[in-house]
Every structure is written in C-alpha cells, then in structure tokens.
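Below is one structure, written out as structure tokens; the observations come after it.
Below, each value reflects all heavy atoms present in this structure, side chains not excepted, and no hydrogens, waters or symmetry copies.
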Amino acid sequence: MAVATPRDVTEISPVAALQGEVRIPGDKSITHRAILLNALATGEARIRQSGLGDDCRATIDCLNSLGADIETISDTDLVIRGSGPQGFGEPSDVLDCGNSGTTMRFLIGLLAGLGVYSVISGDSSLRERPMGRVVHPLRLMGARISGRDDGEHAPLSILGGALCGIEYEMPVASAQVKSALLIAGSLASGTTTFRQPAPSRDHTELMLRSQGVEIREDGLTLSIAGPQTATAVDVVVPGNISSAAFWLVAGAIHPSADLLLRGVGVNPSRSGVLDVLRRMGAHIDVRMSGSGAEPTADLRARSSSLRGTRIEGDEIPNVQDEIPLIALAATQARGVTEIRGAGELRVKETDRIAATRQELTRLGALIEELPDGLIIEGPTPLKAADVDSHGDHRMAMCLGVAGLIAEGTTVVHDASCAAVSDPWFWSEIARLSKQNA
C-alpha cells in the first residue's frame, strides 16, 4: 500500500493482484487548451471533467491575473466567460507558470499579440527549459520579447502589440510551439504559415476549428489567417492517455492484473503508447466510446508477456511523454528495447534520459544511456530501493508503478509532484492495494 509521509516520501510494496477500475484524470493537454482558447474566445463555455492538476491551475491563475473570467465549479468543472482579446488587461505582478512548460509557451503566444506589458516566469526547473523555439518565430512576427540568454530562458519580458503573419520552418516537432504560433496567428494581421518537420498532437487545431476558426492544412504545413476571434464552446475533457499509460504498463507487467480505464482520449496524435505497448505484446483491449472531436475509448489492460522493440524516428514525438514508462515496461520484456532520437527528453522537467537510467538502475534494471535515448535489456527482476523523482511528475509515477512489482518496499522521494498531472495517482494505488490485499 502507498503511505505518504510528511517528508514527501511514498512507500510502495507489491500486491498479489492488481485488479479493478481506475480513476483517470481529464487530459491535461486538452484542459490547458479548453481553458486558454475559451478565455480568448467570446461567449460562455462550460468545461467538464477537466484535469485540474497543478499545471492547469497555473494556466487558470495566469489568465485570471490577465483579467479572464474563469469560475471553478468543482474539482473538475469550470465556467469560462470570454470577451475576446480585448477582455485581457495588464497584470499587476509577474505571471507564475509554476512547473508548466505548456502554460508558459501558450501564454507567450497569447501575450505577444495583446496590447499589454507582462513578465512571465516559473519555478527553477521551468526557468531552465528552452523558450527560444517559441520566442524566435514570434519575434519574426513583430513580438517584443526579452529575457535571459536573449530570450532562451525565463523570466521573459513581453510588450505585446501588433503582429504580422510570417512563413516559418519549425526546427523541431512541438505541439506547444505549434499552438503558440496558432494563437499568435489568430491575433496577427495577415496569414501565418509554418511547416512541421514531423507530426505532433493536434488538439489545438481540433479545438480552434470547433470554435469556428479557419485553419488550412496541407500535409505538415498549417496556415491561419488573422485576425480571427473564436466562439466559446463547451468541452467534455476525455481521460488523459498519458496518465492512463501508467496503469496500462502496470497491468501489462504485473503477474496478476486486470485493470479497466473508462473514457480515455485516444486521439491518434497522442496514442502512440498504445501502438508501442501492443507491439511489445501487451494485452490491451480498446472499446471506442463517446463522440465529438476527440475520440475516446474504454481500455482494459491485463497481465502480459512482453518482448523488446525499437522506437525511433517519427514515432518519437507521439510517445515522448511515455518513454520513461516504456523503459520500465522494457525491463520486463524479453530481449532488447532500443529508443533513439529522443534527445528532447534532456530538456523536460528533468533530464528524463539520465533520470530514467539512474532510477531504474537502482531498482536492478539493465539500461545503457545514449545521447538521444536508451537501450534496455530484459527481463530483469526488480528489487526495492530508495529512488527519487527529480521533481518530475512522470518520473514519480513511473517509479510508483515499478514499486508495484519490485521485491520489497520501494521508497519514492519527492513523490507529491505527481499531482502536476494526476492528483489521484497515489490514492488510486493505495485504494487498489487495499482492495487487492
């Protein structure tokens, strides 16, 4: 059972069986977009089943500081009353994005096109994450942005104003950069056209189109003519596939597991983890459910005999958030799993390549660290150890899943950061552990 202590340490011991239905929070990526794009739109929208972890609350707090009208109805539901771009005003203090890179990059795109002055920052981890990839194209559009290392790192000072459309070749495939450009493009005069080097999640395009915004798409090239003002729309947020992935892997690697996850978002631009795990031999049943722009499904994960695989190229952007978790699954798979082309993981909440190798090795895994990935040999029995999340919510949850199969009691330090994306994760482990004791 998971037992949290005042020192922010959580202890995990294996259980004989891991069976039952798991509560999955609303998709964090879609929640961010539903909040910001409806605050920028005109009209009233109700957002249901939101994933209101720490990251999304940072988005709400920043937007409220800019004058947005966002009312929290419950721990999952919101009402947003948008007045269009003119509804925002100059903040009286620094906008604090906490640990949320999504909040910061989206807001940079918004603030660049508003006629206000602002300073945007975050915690020590976020202040070291690259922002130049957003700042550079926005400067080409006319944005006045300054900051540390010539705008590469926060804090950033932004004097918003008139933007002009540009043509731009994106150097990296990034849904956050793409979204920032679409937001800025909707506020700019003229047409903003940019080409991605590879596909990335398309939640922003789907939501903007549902709000009546016209976006042209030709392969990897997107164009948006501005200025356009969106119309607010109600959103029912599907379950977070990235949060569900931890339970899918738990079900696959536990020797006696049968887990059910309802209403999970399975957008093809996000569900690459399903493809990888099934290719590895995971028993995951997918039953489509719901309707709307974002496809959803009920997922069932059962104990599986896994085999190694290779992950690289265009597949990487679609599984980037889940790579530490896939590495954990690979420790229990027959043969070698090789992950390449994932150098972007070096600049996440922590260096996830180094942290994954370090912490899973402490548990007994056989992992070689590459400049842009990992090589994992399996299967390897895991043994309990003291491990550390490095302040990274995905590492915390990955190590929690590892503790469910490791011999002995695994101690996860800095465990509460899991609330960034899943405030229910540790309580769900505790509930299932008690239920299956």
Side-chain angles (χ1 to χ4, degrees), residues 25-52 56 59-60 63 68-71 73 76-85 87-88 102-103 105-107 109-110 113 175-188 191-194 196 199-242 263-271 288-297 318:
D27 189 285
K28 184 175 70 162
S29 294
I30 296 174
T31 299
H32 278 297
R33 288 159 172 84
I35 294 168
L36 188 145
L37 296 180
N38 276 303
L40 182 58
T42 58
E44 182 173 301
R46 187 172 185 116
I47 315 301
R48 295 179 174 85
Q49 299 176 22
S50 302
L52 293 182
C56 291
T59 293
I60 293 171
L63 290 171
D69 184 355
I70 303 173
E71 181 183 359
I73 303 300
T76 61
D77 290 8
L78 305 164
V79 171
I80 301 174
R81 302 172 185 91
S83 301
F88 293 101
T102 302
T103 301
R105 293 188 177 112
F106 283 17
L107 282 178
L110 172 66
Q176 292 179 2
V177 175
K178 175 175 66 175
S179 298
L181 291 177
L182 287 171
I183 293 166
S186 75
L187 299 170
T191 299
T192 299
T193 300
F194 54 92
Q196 310 171 80
S200 61
R201 60 187 64 174
D202 64 355
H203 301 307
T204 301
E205 300 96 297
L206 290 174
M207 193 164 295
L208 283 172
R209 286 180 176 130
S210 75
Q211 294 178 312
V213 174
E214 182 181 351
I215 301 171
R216 296 193 301 277
E217 190 168 359
D218 181 10
L220 294 173
T221 300
L222 294 174
S223 296
I224 182 169
Q228 295 187 60
T229 300
T231 301
V233 293
D234 293 342
V235 179
V236 178
V237 181
N240 191 341
I241 183 65
S242 294
V264 178
V266 289
N267 183 311
S269 71
R270 282 283 300 286
S271 57
M288 299 306 296
S289 63
S291 60
E294 295 283 353
T296 62
N318 203 357

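From L220, atom CG reaches atom OG of S200 across 9.0 Å, with rounding to the nearest 0.5 Å. Atom OG of residue S223 and atom CG of residue D218 lie 8.5 Å apart, to the nearest 0.5 angstrom. Within the model, atoms CG of L182 and CZ of F194 stand 4.0 Å from one another, a figure rounded to the nearest 0.5 Å. Put simply, CD1 on I35 and CZ on F106 are 11.0 Å apart, with the number rounded to the nearest 0.5 Å. I241 CD1 to T296 OG1: the interatomic distance, rounded to the nearest 0.5 Å, is 11.0 Å. Atom-to-atom distance recorded for I80:CD1 and I47:CD1 is 4.5 Å, nearest 0.5 angstrom.
The nearest pair of heavy atoms linking G84 to T229 is CA-CG2, 4.4 Å. Across all their heavy atoms, A232 and A45 have their closest contact at CB-CB, 3.9 Å. Looking at every heavy atom in both residues, G51 comes nearest to T31 through N-OG1, 2.9 Å. When all heavy atoms of A68 and F88 are compared, the pair lying nearest together is CB-CE2, 4.2 Å. In terms of heavy-atom proximity, Q228 sits nearest to G212 at OE1-O, 4.3 Å.
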*Would you please test V177 and Q196 for side-chain contact (heavy atoms from CB on, under 4.5 Å) and show each step?*
CA-CA 10 Å; V177 175; Q196 310 171 80; over 6 Å; no

*Should L78 and I60 be marked as a side-chain contact (heavy atoms from CB on, under 4.5 Å) after you check the CA-CA gap, both sets of side-chain angles, and the distance that decides it?*
CA-CA 10 Å; L78 305 164; I60 293 171; 4.0 Å; yes

*asked:* Please evaluate residues L206 and N267 with respect to the criterion side-chain contact (heavy atoms from CB on, under 4.5 Å), reporting the C-alpha separation (whole Å), side-chain torsions for both, the decisive distance (0.1 Å), and the verdict.
replied: CA-CA 10 Å; L206 290 174; N267 183 311; 3.5 Å; yes

*asked:* Please determine whether side-chain contact (heavy atoms from CB on, under 4.5 Å) holds for the pair M207 and I30, giving the CA-CA distance in whole Å, both sets of side-chain angles, and the decisive distance to 0.1 Å.
replied: CA-CA 9 Å; M207 193 164 295; I30 296 174; 3.9 Å; yes

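Not counting sequence neighbours, the partners of T102 by the side-chain hydrogen bond (donor to acceptor under 3.5 Å, both in side chains) test are Q176.
Between the T59 side chain and the H32 main chain, no donor and acceptor come within less than 3.5 Å of each other. The backbone N or O of Q49 lies less than 3.5 Å from a partner atom in the side chain of D77, making a donor-acceptor pair. Looking only at distances, no side-chain donor or acceptor of T42 sits under 3.5 Å from a matching main-chain atom of G82. Between the D234 side chain and the R48 main chain, no donor and acceptor come within less than 3.5 Å of each other.
Of the residues listed (I215, D202, T193), the one engaging L222 in a side-chain contact (heavy atoms from CB on, under 4.5 Å) is I215, and it is the only one.
At a threshold of 4.5 Å between non-hydrogen side-chain atoms, the residues L208 and S186 do not count as touching. For the pair R46 and I73, the minimum side-chain heavy-atom distance is below 4.5 Å. Side-chain contact between L40 and L187 is present, with heavy atoms from C-beta onward closer than 4.5 Å. Counting only heavy atoms from C-beta outward, the side chains of I183 and L107 never approach each other to under 4.5 Å.
One side chain, S242 or R270, offers a donor N or O that lies under 3.5 Å from an acceptor on the other.
Counting only residues at least two apart or in different chains, side-chain hydrogen bond (donor to acceptor under 3.5 Å, both in side chains) contacts with residues 204-215 comprise R33-T204, N38-Q211, K178-E205, S179-T204, R209-E217.
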